[in-house]
> 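I'd like to ask you about the structure that follows.
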Amino acid sequence: MSGSSGKGEGSGPTRLSQVGTDTVVAVAVDRAGGAAVVRADGSDVLIEPQRLALELGEIERTEHPRWVWWSIDTARTLVDLGVRPARCWDLGAVHRLLHGGWRADPARVWAVSRGLDPATVPERARVDLFTAEEPTGDDPAVRPDGHLAIEWLDGGWATDLDALRRHARLALDVYRRQSDALDRLPDRPGAPSTATSESAAELLCAELEHDGLPVDVDEAERIVGSFVGPRPDTAEDERQRIHDRDQQVLQNLPAHARDDLDLRNPADVKSLLRRVGIEVPDTRAWRLEQLRHEHPIVAELLRWRRAERIATTFGYRWLDEHVDRGRLRGAWSGADGAAGRMTATAGLHNLPGELRPAVAAEPGHVLVRSDLGQIEPRVLAAVSGDAALVSATRDDDMYAPVAGRLGVSREIAKVAVLGAMYGQTTGRGAEALRGLERAYPTAMGFLTAADVAAQGGRDLRTVGGRLVHLDGSRHDGADDRTERSRAAARGRFGRNAMIQGAAAELFKAWAVTVRAQLRELGAGEIVLCLHDELLVHAPETRADHTAALVDEALQAAAARWQRRIASAVDVRFVTDTAVLRRWSDAKDPLPLPR
DNA sequence: TGCGGCTATTG
DNA sequence: CACAATAGCCGCAG
């Protein structure tokens, strides 16, 4: 599948508009204005707003197309309408894959797809000064200089059907160009496959935002209350609570020393500790933990920190803001700016362990929790093609054979492997690192190559084709030592991005495979993605079925993902899957219903 | 009001 | 206390 672009008429390449055997249609939709669907053969369907759900649903059922759209905004609108397509192509997501970075607004995606300098993309304010530059060409959405016209520039989305049809046609044009670019990417034969799974992941994000994570609100309130007391009735009440909690710590000091001490100010905490004879370079919890027995105020302080954290970040205000009708909802992103992991707001990705009992299946349902075991070292074996490391992945615990080969304990082997992937050069794993170099030279060479390239400020690409941009610019006035430390940091970042990024691609391939199969079988819905862990909310009666589906989906996704790698290898990936009532029940799973 | 530093949580 | 993320509060510069 190479990009033989035929003779072009006008400007665009005329490559066949298909991914595999997919039928491709572009869609532009606006809830108030309707939708335009444009097929690859140029035919189109215009849909009035009141018939959106009906007709879009009908196209999905009868044509089963791959839907092309500009960004996750379209996915959100469709999900909102109750339309959940099986397959899609998200121009914004593919743009980020091909070109890196975070910004993927239509004006930018369009410009870059046509080889225009993104720095010349006009901004709204500038365009206003040059109204003479209003579109005059064949397509009123495209300016004479090749950039998208004013209607696109500030998120403005024209809502009449003619404009929507133009948006869809232009989307199809960008799709063809992106598809070509992916086919031509050197040494990344899997890039087109990454593009479709990254697109589906973006759609999954829209669904996660819509569906939310099931929360037992009473339990959540109970847990928050156990840290910070009952809900304050008034603002004054709340201030009093905060004061009381502060005094609980400060009463350990003589009265005259309590004033002017702010527990929220690290410098004040240092001087507080100095008063009781404790000198510390910083006041982080792990450091204070070791001094717990030195003075009673240390334990009080740690307890205060815990409560303060719940009160400020995961307290009643957090519940009120993010939990609605029993679901915790946040904004999801399919790929962060660095290596391409999914991200989420509203605490979905950093919920403290104490709050996990509040994440619970609804009546008649269960949570199927599944996580990938040792995903990063397994991914390292796959992307580097290191035969010895690949054979270590046959073990359920791949650190065991590594430890055996190195002649060190499992713990040391683990620290060394993780250290190699993070770029650690000192500490306990440092000596074992030399052993790794001898035993797994191909894997270590892969990491070193990424490190060296990144130190030099050269951009990298993950095995799936994601561009990881590195800023190699020198800062004026930075001395040699500073510059060396910046280069080293870039090296660690680049080395890790190749692993974390590839792992994120595998994870998303798994997640969207699970999504597709759940959809077909009505066996539940994904409610959380957590880097290497999936949470599926499933009907109780399908619990064992759903658990099996999740495991089988990994094998299918991992096989497809490995076929993306030029030096195809056979790494074993493993899951740990359990059926639970509450997220916290991981240690005590439900027996599967017979 | 915006930003860097510090802190805490997660994978 | 390496790699990544979100998020709160504080002090300080503008």
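Labels below follow one simple rule: chain letters A, B, ... track the order of the sequence lines, proteins then strands, and each chain is numbered from 1.
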> Please report the distance, rounded to the nearest Å, between CG in A:Leu301 and C1' in B:dC6.
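Checked: the CG to C1' distance equals 14 Å.
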> Rounded to whole angstrom units, what separation is found between the CD atom of A:Glu533 and the P atom of C:dA4?
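A:Glu533 atom CD is separated from C:dA4 atom P by 22 Å.
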> If I compare all heavy atoms of A:Leu348 with all of A:Gly330, which pair ends up nearest, and what's the gap?
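It is CD1-N, 3.6 Å.
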> What class does the angle between the rings of A:His322 and A:Trp318 fall in, given that below 30° is parallel, 30 to 60° is tilted and above 60° is perpendicular?
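Ring orientation of A:His322 relative to A:Trp318: tilted.
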> Between C:dC3 atom C1' and A:Leu380 atom CG, what is the distance in whole Å?
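A:Leu380 atom CG is separated from C:dC3 atom C1' by 14 Å.
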> At under 4.0 Å between heavy atoms, what does A:Gly353 touch on the DNA or RNA strands: base, sugar-phosphate, or nothing?
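Answer is sugar-phosphate: A:Gly353 comes under 4.0 Å of backbone atoms only.
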> Would you please name every residue forming a salt bridge (Lys or Arg N to Asp or Glu O under 4.0 Å) with A:Arg275, sequence neighbours left out?
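A:Arg275: no salt bridge (Lys or Arg N to Asp or Glu O under 4.0 Å) contacts found.
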> Assign A:Phe314 to base, sugar-phosphate, or nothing according to its heavy-atom contacts below 4.0 angstrom with the strands shown.
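Nothing, no heavy atom under 4.0 Å.
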> Between A:His99 and A:His95, how do the two ring planes meet: parallel, tilted or perpendicular, split at 30° and 60°?
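A:His99 vs A:His95 ring planes: tilted.
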> Nearest whole angstrom, please: distance from the C1' of B:dT7 to the CG of A:Asp268.
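Going from CG in A:Asp268 over to C1' in B:dT7 covers 15 Å.
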> For A:Arg495, report the nucleic acid contact type (base, sugar-phosphate, nothing); a contact means any heavy atom under 4.0 Å.
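Nothing, no heavy atom under 4.0 Å.
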> Tell me: NE2 of A:His531 to C1' of C:dC3, nearest whole Å?
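Atom-to-atom, A:His531 to C:dC3, this comes out as 12 Å.
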> Go through B:dA8, C:dA5, C:dC3 for me and flag the one nearest to the A:Asn496 side chain.
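For the A:Asn496 side chain, the nearest candidate turns out to be C:dC3.
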> With a 6.0 Å cut-off on ring centres, are A:His469 and A:Trp102 close enough?
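No, the ring centres sit 6.0 Å or more apart.
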> Calculate the interatomic distance between A:Leu272 atom CG and B:dT7 atom P; express it in whole Å.
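Atom CG in A:Leu272 sits about 14 Å away from atom P in B:dT7.
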> Tabulate protein N/O versus nucleotide N/O from nucleotides 8-10 of chain C, keeping only pairs under 3.5 Å, one per line.
none

> For residues 483-502 of chain A, which residue pairs pass the ring pair (Phe, Tyr, Trp, His ring centres under 6.0 Å) check, not counting sequence neighbours?
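Counting only pairs at least two positions apart or across chains, no ring pair (Phe, Tyr, Trp, His ring centres under 6.0 Å) contact touches residues 483-502 of chain A.
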> Considering only heavy atoms, which members of residues 338-351 of chain A lie under 4.0 Å from some atom of DNA chain C?
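Heavy-atom contacts with DNA chain C come from A:Ala338, A:Arg341, A:Thr343, A:Ala344, A:Thr345, A:Ala346, A:Asn350.
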> Can you list the residues that meet the ring pair (Phe, Tyr, Trp, His ring centres under 6.0 Å) rule with A:Tyr440, with sequence neighbours excluded?
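For A:Tyr440 there are no ring pair (Phe, Tyr, Trp, His ring centres under 6.0 Å) partners, ignoring immediate neighbours.
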> Please confirm whether the backbone N or O of A:Pro281 pairs with a side-chain atom of A:Arg287, one donor and one acceptor, at under 3.5 Å?
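The answer is no, because no donor-acceptor pair under 3.5 Å joins these two groups.
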> Go through the structure and list residues passing salt bridge (Lys or Arg N to Asp or Glu O under 4.0 Å) with A:Arg274, not counting sequence neighbours.
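Counting only residues at least two positions away or on another chain, A:Arg274 forms a salt bridge (Lys or Arg N to Asp or Glu O under 4.0 Å) with A:Glu279.
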> With sequence neighbours excluded, tell me which residues meet salt bridge (Lys or Arg N to Asp or Glu O under 4.0 Å) with A:Arg572.
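Scan of A:Arg572 (salt bridge (Lys or Arg N to Asp or Glu O under 4.0 Å), adjacent residues dropped) gives A:Asp396.
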> Could you tell me the separation between the CH2 atom of A:Trp102 and the P atom of C:dA5, rounded to a whole number of Å?
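These atoms are roughly 13 Å apart.
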> With no hydrogens and no angle check, is any side-chain donor or acceptor of A:Lys508 less than 3.5 Å from a backbone partner on A:Gly340?
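Confirmed, A:Lys508 side chain pairs with A:Gly340 backbone.
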> What residues from residues 415-424 of chain A pass a heavy-atom cutoff of under 4.0 Å to DNA chain C?
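Nucleic-acid contacts, sorted: A:Gly419, A:Tyr422, A:Gln424.
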> Does anything in residues 217-230 of chain A form a side-chain hydrogen bond (donor to acceptor under 3.5 Å, both in side chains)? List the pairs, not counting sequence neighbours.
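Listed by first then second residue: A:Glu219-A:Arg222, A:Glu221-A:Arg231.
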> Without decimals, in angstroms, what is the distance between A:Arg492 CZ and C:dA4 P?
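In whole Å, C:dA4 P lies 9 Å from A:Arg492 CZ.
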> Does any residue of residues 279-290 of chain A have a heavy atom under 4.0 Å from DNA chain B, and if so, which ones, in number order?
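Per residue number, the list reads A:Asp282, A:Thr283, A:Arg284, A:Ala285.
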> With sequence neighbours left out, write down each residue that passes ring pair (Phe, Tyr, Trp, His ring centres under 6.0 Å) with A:Phe227, or none if nothing qualifies.
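Ring pair (Phe, Tyr, Trp, His ring centres under 6.0 Å) check on A:Phe227 returns nothing, list empty.
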> Please list, chain by chain and in numerical order, all residues satisfying salt bridge (Lys or Arg N to Asp or Glu O under 4.0 Å) with A:Glu236, sequence neighbours excluded.
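Testing A:Glu236 for salt bridge (Lys or Arg N to Asp or Glu O under 4.0 Å), a comparison that skips the adjacent residues, returns A:Arg239.
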